[in-house]
Structures are given as C-alpha cells and as structure tokens.
Amino acid sequence: MGVLRAEEAERLAAEHCRALVTVAGHSTNARECTELLDMLGLDAGLWRER
C-alpha cells in the first residue's frame, strides 16, 4: 500500500511540474504567470524543489 501511495505522489508531482511549465510557457510576463498559478492553486516553489 505504501508503494502505491509513493507512486501516486510521484505521479502527482510530475503532473504539477508539467502544469507549471505549461502556464509559464503561455504567460506573457512574470506577473501574469504568478496570477495564473495562484488562480489554479499551483505552487511554483514545488518546481524549484524538484
């Protein structure tokens, strides 16, 4: 059971990182990127940790 939870956590972290990259790639500037990430409930700090 613990292995499944760890795998799911890793999958969710990877999905989160892909979402961050997508938002950043479609933003016109840093302010817009920050606002979009906030609206989506995404934390850019997680990207820096990976």
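Worth knowing before you read on, the calculation uses all heavy atoms, side chains too, and leaves out hydrogens, waters and symmetry mates.
Note on E8 versus R11: salt bridge recorded, some NZ/NE/NH1/NH2 to OD/OE distance being below 4.0 Å.
Listed by chain and residue number, E35 satisfy the side-chain hydrogen bond (donor to acceptor under 3.5 Å, both in side chains) test with R31 (two or more places apart in sequence, or in another chain).
Using a 4.5 Å heavy-atom cutoff, the side chains of L37 and D43 are not in contact.
No continuous path of ILVMFWY side-chain contacts below 4.5 Å connects L12 to L42, so the two sit in separate hydrophobic clusters.
Nearest heavy-atom pair across C33 and S27 is CA-OG, 3.2 Å.
Side-chain N or O atoms of E32 include one that pairs as donor or acceptor with a backbone N or O of T28 at under 3.5 Å.
For the atom pair CG of N29 and OG1 of T34, the computed distance is 8.5 Å after rounding to the nearest 0.5 Å.
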